[in-house]
Amino acid sequence: MRVALVNPPWRYDGSIYFGCRAPHLPIELGCAAQLLAAAGHETRIIDAHLFGLSLADLTDQVRTMTPDMIVITTAPTYLFWRCAPPELRVPQETARVLRDLAPILVAIGPHGSTTPRAALTKLAVDVVVMGESEETLVRLAAGERDAVPGLCYRDAGTIRVQGGPQAARFVDMAPLAWPDAFVARHRHHHHRFDAEPTGPGAEVEASRGCPYNCTFCAKENFRNGYRRRPAASVLEEISRLQRQGVEYVYFIDEIFLPNAELLDGLVGRGLTFGVQTRIDLWKPDQLALLGRAGCVSVEAGVESLSPEGRDALGKKCRLTTDELAERLLAAKRHIPFVQANLIEVPQDDDETVQRWRDTMRSAGVWANDPVPLFPYPGAPDYRRMWGEPDDDAWERAHAWYLAQFAGFSDIQEERPKPLHELECCA
């Protein structure tokens with residue numbers, strides 16, 4: 001079977017999306033392509049975002065391939081599945097122009113993983129995959145469907161939801177190999193602020209999932225259970241990227257945990273990298289190793305400055321606020337850019353937060369203005385407010401969010417539009 005794996009031409013005007021808007025390597029499509037190729041299928045990734053393709057350009061490239069199955073992702077990259085654009089505008093537009101170019105049109109991503117019926121209806125695709133899609137796509141390409149768990153599709157005029165979201169093994173994923181053209185186009189160095197890029201960047205996935213259950217994290221229906229690839233496999237993938245000219249990688253792991261074998265293997269390579277983690281999980285000697293290995297950017301989830309706030313968020317943090325500050329300063333001694341992520345919670349006093357931010361910034365640690373939470377369907381916060389997500393979950397969460405705040409995060413330049421306005425023209 002010929003399979004086209006499509007990353008749409010993303011745009012974010014009017015969206016509440018607060019993730020990075022630069023193109024990133026579509027790792028979910030890379031993993032799927034690798035497994036499909038191993039199963040004997042002819043596979044091509046067509047990344048309209050990375051290559052700046054219009055819908056017309058994308059259509060031409062897909063048509064030239066004459067695929068038997070087209071796969072469209074509903075989030076820009078695995079890096080942002082937990083905080084994807086709520087609206088399906090761009091995937092809708094993409095599905096509409098590609099619908100007649102293959103017998104099977106499939107959607108993957110966080111929307112279908114949490115609200116499969118709504119995603120199937122909005123996108124008008126043949127199949128929605130729930131959860132991590134790589135292994136499921138191999139079964140679909142083999143002609144399976146009725147016995148495959150984690151699918152949503154129409155059957156005799158009704159929508160059938162078959163099982164729940166699936167998780168891939170992941171730990172046996174071989175090193176990914178990206179075409180030279182993909183790497184050459186990837187000039188973005190995600191979350192890097194210590195220096196201007198002089199060569200290509202890339203993203204790498206060393207682990208998947210998270211062993212913690214913070215209330216704000218929408219990961220329960222995808223990328224949930226913690227799994228770690230062997231360090232040797234990750235290092236081989238990085239070596240290949242370095243031979244292609246990559247000088248910086250960003251680990252997309254939900255939580256980059258201390259891993260001495262991997263970090264020791266990165267020491268002396270001349271590679272720089274960035275991570276997202278919890279600073280309370282790192283001891284001072286581990287932070288020193290992180291710096292020696294080449295880390296130049298740490299995005300550290302602190303979230304709240306009060307024990308009550310951290311408890312309300314389900315952080316299960318054993319350090320005090322003062323100890324968290326000390327750990328951040330210890331990281332700054334070894335790593336050029338350290339950021340403490342803060343979330344807007346009612347338990348935190350605003351004046352105290354602003355004083356703490358000033359103190360941290362004067363010591364060289366960036367602490368953001370607390371960001372209001374979007375209650376993503378699939379996160380515990382959503383269930384606490386409304387119960388299990390139904391077909392209107394995204395609309396409900398989006399309307400609530402717009403009604404709560406006069407201002408949004410400090411990286412949003414325009415007031416977001418209601419979800420129905422964003423999706424009405426698709």
Side-chain angles (χ1 to χ4, degrees), residues 24-25 27-28 30-31 34-35 77-79 134 168-180 182-183 186 188-195 197-211 223 225-301 327 330-339:
H24 303 79
L25 293 177
I27 288 181
E28 60 270 56
C31 293
Q34 182 170 272
L35 294 185
T77 163
Y78 253 160
L79 178 58
E134 297 99 321
R169 289 185 299 273
F170 177 69
V171 295
D172 56 0
M173 186 67 63
L176 295 183
W178 296 99
D180 289 343
F182 277 60
V183 174
H186 194 306
H188 175 61
H189 289 195
H190 181 71
H191 211 266
R192 183 179 186 182
F193 305 101
D194 67 302
T198 58
E203 286 79 40
V204 172
E205 185 179 24
S207 68
R208 185 177 291 186
C210 178
R223 301 176 62 81
Y226 183 74
R227 292 144 288 167
R228 176 184 284 176
R229 289 169 65 194
S233 179
V234 179
L235 292 169
E236 182 180 340
E237 185 172 319
I238 288 172
S239 293
R240 181 175 292 159
L241 289 168
Q242 287 189 279
R243 290 193 296 270
Q244 292 175 293
V246 168
E247 65 175 31
Y248 174 87
V249 301
Y250 188 80
F251 287 98
I252 73 163
D253 308 31
E254 277 78 11
I255 184 167
F256 189 89
L257 295 176
N259 183 341
E261 184 180 2
L262 176 59
L263 293 178
D264 283 336
L266 291 172
V267 172
R269 283 175 170 260
L271 181 80
T272 54
F273 63 90
V275 302
Q276 51 191 350
T277 189
R278 283 178 53 159
I279 200 67
D280 58 305
L281 304 177
W282 293 78
K283 298 177 181 178
D285 62 321
Q286 294 171 327
L287 291 169
L289 174 57
L290 187 63
R292 289 198 305 276
C295 183
V296 296
S297 176
V298 167
E299 190 176 5
R327 203 62 57 88
K332 186 66 179 70
R333 287 194 285 273
H334 306 286
I335 298 163
F337 183 83
V338 177
Q339 174 178 339

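The basis for the numbers below is simple: all heavy atoms, side chains too, and nothing from hydrogens, waters or symmetry mates.
A donor-acceptor contact shorter than 3.5 Å links the side chain of R227 to the backbone of A168. Side chain of Q242 to main chain of R269: a donor-acceptor pair is present (N/O by atom type, distance under 3.5 Å, no hydrogens or angles). In terms of modelled atom types and a separation under 3.5 Å, the side chain of Y226 and the main chain of S207 share no donor-acceptor contact. Panel note: side chain E247, backbone T198; a donor-acceptor pair is recorded below 3.5 Å.
Residues passing the side-chain contact (heavy atoms from CB on, under 4.5 Å) test with E237 are P175, L176, V204, R229, sequence neighbours excluded. Not counting sequence neighbours, the partners of D172 by the salt bridge (Lys or Arg N to Asp or Glu O under 4.0 Å) test are R169. By the side chain to side chain donor-acceptor pair (under 3.5 Å) test, E261 pairs with no residue at all, sequence neighbours left out. Residues satisfying the salt bridge (Lys or Arg N to Asp or Glu O under 4.0 Å) test with D264, not counting sequence neighbours, are none. When the side chain to side chain donor-acceptor pair (under 3.5 Å) test is applied to R278, the partners found at least two apart in sequence or on another chain are D280. For A300, the side-chain contact (heavy atoms from CB on, under 4.5 Å) test picks out I279, V298, L328, with sequence neighbours left out. Residues forming a side chain to side chain donor-acceptor pair (under 3.5 Å) with Y250 (at least two apart in sequence, or on another chain): E299. With sequence neighbours excluded, the residues that form a side-chain contact (heavy atoms from CB on, under 4.5 Å) with P197 are H189. D180 is linked by a side-chain contact (heavy atoms from CB on, under 4.5 Å) to Q244, counting only residues two or more places apart in sequence or in another chain. Scored by the side chain to side chain donor-acceptor pair (under 3.5 Å) test, E205 finds R208, R223 as partners (sequence neighbours excluded). Every ring pair (Phe, Tyr, Trp, His ring centres under 6.0 Å) that H191 has, sequence neighbours left out, goes to F193, F337.
Note that CG of L262 and CD1 of I238 are 6.0 Å apart. Values are rounded to the nearest 0.5 Å. Taken to the nearest 0.5 Å, the CD atom of E203 stands 9.0 Å off from the OH atom of Y248. Note that the CD atom of Q276 and the CD1 atom of I252 stand 8.5 Å from one another [nearest 0.5 Å]. With values rounded to the nearest 0.5 angstrom, L271 atom CG is found 9.5 Å from S239 atom OG.
Listed here is the closest heavy atom pair of V171 and R228: CG1-O, 3.5 Å. Of all heavy-atom pairs spanning S233 and A174, the tightest one is OG-C, 4.1 Å. Taking both residues in full, the closest heavy atoms of H334 and A330 are given as CD2-O, 3.1 Å, listed atom of the first, atom of the second, then distance. In this structure, S297 and I335 approach most closely via the heavy-atom pair N-CG2, 3.7 Å. Closest of all the heavy-atom pairs between D253 and A206 is OD1-N, 3.2 Å. Considering all non-hydrogen atoms of both residues, P336 and C295 come closest at CD-O, 3.8 Å.
Proximity of R240 to V246: side-chain heavy atoms (C-beta onward) are nowhere separated by under 4.5 Å. Between V234 and N259, the closest side-chain pair of non-hydrogen atoms is not below 4.5 Å.
With P200 as the partner, the side-chain contact (heavy atoms from CB on, under 4.5 Å) test is satisfied by one option alone out of V183, V249, L241: V183.
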Next on the checklist: Run L281 and F256 through side chain to side chain contact (heavy atoms under 4.5 Å, CB included) and show every step you take.
Outcome noted: CA-CA 10 Å; L281 304 177; F256 189 89; over 6 Å; no
Item to check | Steps toward side chain to side chain contact (heavy atoms under 4.5 Å, CB included) verdict (L287, R333) | outcome: CA-CA 9 Å; L287 291 169; R333 287 194 285 273; over 6 Å; no
Next on the checklist: Evaluate L25 against T77 for side chain to side chain contact (heavy atoms under 4.5 Å, CB included), listing each step before the verdict.
Outcome noted: CA-CA 7 Å; L25 293 177; T77 163; over 6 Å; no
Checklist entry - Which is it for L289 and R292 under the side chain to side chain contact (heavy atoms under 4.5 Å, CB included) test, yes or no, and what are the steps along the way? => result CA-CA 5 Å; L289 174 57; R292 289 198 305 276; 3.5 Å; yes
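Evaluation of the ring-ring contact (aromatic ring centres under 6.0 Å, His included) test over residues 265-284, restricted to residues two or more places apart or in two chains, returns F251-F273.
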